[in-house]
J.: 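Sharing a structure here in structure tokens format.
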Amino acid sequence: MPGYELVGNEELKEISEIFSNGSILCRRGFDNIRNKCFKVEQFEKEFSSKFENRFALAVSSGTAALRVALASIGIKEGDEVITQSFTFVATVEAIIESKAIPICTEIDETLNMDLDDLKKKVTSKTKAVIVVHMLGVPSNIEKISKFCKEKNIYLIEDTAWGCGGKLKEKLLGTWGDISTFSFDFAKIITTGEGGMVLYKNLELFKNGMAWHDHGHDNNPNLPRWEDSRSSSGFNFRMSELQAAVGIAQLKKLDYIINSQRKNRDYILKSIDKIDGVQFRAMPDGSYDTADALIFSLKNKDLALLCREELLKINISTKILPEAYTWHFAETWIHMPELIRSHNFKLSNAFPISRELLSRCVSIPISVNMNIENFMKIKNILLKILK
Ligand SMILES: Cc1ncc(COP(=O)(O)O)c(C=O)c1O
């Protein structure tokens with residue numbers, strides 16, 4: 001979550017350039033007064049070159065990115081889209097907002113999508129799978145991608161937490177047909193609010209580019225007010241201000257991940273020999289973003305006790321065990337579409353995920369953390385596990 005820790009002079013300098021070049025705050029138009037200053041385009045170009053030159057489309061949030069991704073593949077009413085039970089509500093909201101049917105799978109010990117459950121839940125109506133690299137740990141993306149290809153189903157990677165993470169040296173966000181990123185204030189790099197969609201395929205990118213901008217083709221031979229259009233759409237455009245911040249933040253991405261991994265490893269080493277503490281599993285070849293250090297204890301009561309003790313020394317936990325209701329589909333009884341698509345038995349739809357999540361403790365990792373304080377976690381664990 002450290003992007004926000006490092007917002008400073010570099011971001012200010014990028015923003016100042018906008019004000020020195022006509023103060024145009026939107027991505028298109030006013031060409032005669034902006035002195036070739038196009039921050040959204042620049043951010044997309046630089047993001048793309050970091051991610052295998054995939055086609056990059058900057059949008060207004062990570063939630064918008066998911067919605068645009070689904071629109072790009074022509075999702076329609078009655079299509080099924082499968083995601084995982086442990087994610088943020090946004091993933092399922094985007095499916096519902098697309099009028100598709102949301103289906104969730106169980107998670108496995110990696111706390112990401114369980115491939116065996118995915119195989120059981122695919123039907124002839126499944127149009128896409130949205131796999132989430134939850135809290136920056138790679139999902140089983142190599143195998144899931146192979147399976148989706150065999151089944152001819154679109155694979156979308158929700159990389160909201162996984163920006164800069166890798167599996168087998170290949171960046172998360174470059175495995176699927178489309179991937180989405182969030183730059184909200186809690187993410188690894190931030191633009192305040194913002195997101196990105198990455199495409200492997202040019203035609204899908206063009207669909208997304210038009211759809212996120214009211215269907216505009218942005219025909220270079222026509223003024224914008226007479227522009228041709230080929231689809232319906234919406235407004236999910238990113239502003240020049242957000243993009244300026246994004247350009248500066250992107251340059252800090254590798255430093256952020258290296259620092260987080262160093263901090264995480266330091267804390268991990270201090271507790272990795274304690275009996276009764278089991279660390280989150282990761283697929284072989286994982287290079288996670290180290291947004292959190294997650295371990296599980298014997299039961300839910302111990303996990304809650306651990307949180308209580310951590311709070312006494314001013315260490316808060318991140319999502320688990322206290323806040324999983326925003327991140328666990330079984331608890332989303334405010335979503336009638338999700339209840340319906342799980343046979344009106346949502347409250348018992350994911351027993352394996354519930355059991356795994358309820359025992360977990362997630363320690364937030366950042367760049368500028370007071371590492372000495374975190375060394376006290378060892379004593380807390382020894383005390384509660386005695
Ligand atoms: C897994 C996941 N997907 C999507 C989003 C949505 O991103 P945003 O807050 O930028 O809309 C989030 C936000 O936390 C998330 O955790």
Side-chain angles (χ1 to χ4, degrees), residues 1-4 7 43 47 56-71 81-98 102 104-105 107 110-113 128-139 141 144 155-165 172-173 175-176 178-198 212 234-239 241-243 245-246 249-250 280 288-292 294 318-320 323-329 331-332 335 338 353 357 362 364-366:
M1 61 198 263
Y4 78 90
V7 175
F43 185 33
F47 203 87
L57 172 63
V59 293
S60 52
S61 72
T63 312
L66 286 161
R67 179 65 189 92
V68 172
L70 289 169
V81 179
I82 304 181
T83 188
Q84 61 200 52
S85 62
F86 182 44
T87 181
F88 182 54
V89 279
T91 322
V92 169
E93 283 169 342
I95 300 170
I96 293 173
E97 191 56 32
S98 309
C104 296
T105 69
I107 53 168
T110 65
L111 307 187
N112 283 325
M113 183 175 281
V129 168
I130 305 181
V131 73
V132 187
H133 306 292
M134 198 51 188
L135 285 160
V137 168
S139 64
I141 189 76
I144 292 173
L155 176 60
I156 299 172
E157 292 176 72
D158 183 338
T159 323
W161 294 96
C163 187
L172 305 183
W175 288 84
I178 307 179
S179 56
T180 64
F181 296 79
S182 162
F183 309 128
D184 75 25
F185 210 55
K187 294 303 184 294
I188 200 124
I189 57 173
T190 186
T191 57
E193 299 284 358
M196 190 72 78
V197 196
L198 272 188
H212 102 296
F234 215 72
N235 175 5
F236 284 127
R237 293 186 300 260
M238 179 178 267
S239 85
L241 288 170
Q242 288 168 295
V245 174
Q249 285 269 297
L250 188 59
R280 178 181 185 180
D288 69 316
T289 61
D291 255 316
I294 300 183
K318 180 169 179 170
I319 299 177
L320 302 168
Y324 80 14
T325 57
W326 275 103
H327 298 86
F328 180 36
T331 67
W332 298 341
M335 292 181 169
L338 192 66
S353 310
L357 293 173
S362 166
I365 304 292
S366 55

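Since we're looking at a predicted model, the values are computed, not measured. When a ligand or atom number is given, it counts from 1 through the structure's own listing order.
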J.: What class does the angle between the rings of Phe181 and Phe47 fall in, given that below 30° is parallel, 30 to 60° is tilted and above 60° is perpendicular?
T.: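 Judged by the thresholds at 30° and 60°, the geometry between Phe181 and Phe47 is perpendicular.
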
J.: Do Lys318 and Leu135 come within less than 4.5 Å of each other through their side chains, counting heavy atoms only?
T.: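 Yes - at least one pair of side-chain heavy atoms lies under 4.5 Å apart.
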
J.: Does His327 have a heavy atom less than 4.0 Å from any atom of ligand 1?
T.: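 For ligand 1, residue contact (heavy atoms, under 4.0 Å) with His327 is absent.
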
J.: Any idea which protein heavy atom is nearest atom 16 (O) of ligand 1, and the distance to it?
T.: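 Closest protein heavy atom to atom 16 (O) of ligand 1: Trp161 NE1, 2.8 Å.
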
J.: Relative to ligand 1, is Lys187 under 4.0 angstrom through side chain, backbone, both or neither, heavy atoms considered?
T.: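 The part of Lys187 near ligand 1 is the side chain, not the backbone.
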
J.: Nearest protein heavy atom to atom 9 (O) of ligand 1, by residue and atom, and its distance?
T.: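 Among all protein heavy atoms, the one nearest atom 9 (O) of ligand 1 is Asp184 OD2, 2.6 Å.
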
J.: Is it true that atom CD of Glu93 has more than 12 heavy atoms of other residues, nucleotides or ligands lying nearer than 6.0 Å?
T.: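 Yes - once you tally the heavy atoms of other residues, nucleotides and ligands closer than 6.0 Å, there are more than 12.
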
J.: Quick one: does ligand 1 sit under 4.0 Å from the side chain of Thr87, the backbone, both or neither, non-hydrogen atoms only?
T.: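 For Thr87, the contact with ligand 1 is made by the side chain alone.
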
J.: How far is atom 11 (O) of ligand 1 from its nearest protein heavy atom, and which residue and atom name does that atom have?
T.: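 Protein heavy atom at minimum distance: Thr63 OG1, 2.5 Å.
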
J.: May I ask you to check whether Gly62 has an N/O atom sitting below 3.5 Å from an N/O atom of ligand 1?
T.: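 Looking only at distances, the answer is yes, because the N/O contact criterion of under 3.5 Å is met.
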
J.: Rounded to the nearest 0.5 Å, what's the gap from CG on Asp291 to OG on Ser362? Could you check?
T.: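 Reported to 0.5 Å precision, the distance equals 9.0 Å.
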
J.: Measuring only between side-chain heavy atoms, which start at C-beta, is Val197 closer than 4.5 Å to His212?
T.: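 No, their side chains stay 4.5 Å or more apart.
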
J.: Identify, for atom 3 (N) of ligand 1, the protein heavy atom at the shortest distance, and state residue, atom and that distance.
T.: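 Looking at atom 3 (N) of ligand 1, the protein heavy atom closest to it is Asp158 OD2, 2.7 Å.
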
J.: Identify, by atom number and element, the atoms of ligand 1 in contact range of Val132, meaning under 4.0 Å from any of its heavy atoms.
T.: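 What qualifies from ligand 1 is 1 (C).
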
J.: Please report the C-alpha distance between Val132 and Thr83 in whole Å, then the side-chain angles of each, then the deciding distance to 0.1 Å, and finally whether the side-chain contact (heavy atoms from CB on, under 4.5 Å) criterion is met.
T.: CA-CA 8 Å; Val132 187; Thr83 188; 3.8 Å; yes

J.: Kindly assign one of parallel, tilted or perpendicular to the pair His327 and Phe86, based on the angle between their ring planes and the thresholds 30° and 60°.
T.: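 The rings of His327 and Phe86 stand perpendicular, inter-plane angle above 60°.
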
J.: Give the atom numbers and elements of ligand 1 that come within less than 4.0 Å of a heavy atom of Ala90.
T.: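 So the answer, numbered in order with elements, is 4 (C), 5 (C), 6 (C).
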
J.: How close does the nearest protein non-hydrogen atom get to atom 15 (C) of ligand 1, and which residue and atom is it?
T.: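 Heavy-atom neighbour on the protein nearest atom 15 (C) of ligand 1: Phe88 CB, 3.5 Å.
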
J.: Is Ile189 close to Leu250 at the side-chain level, that is, under 4.5 Å between some pair of heavy atoms?
T.: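 Leu250 vs Ile189: side chains touch.
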
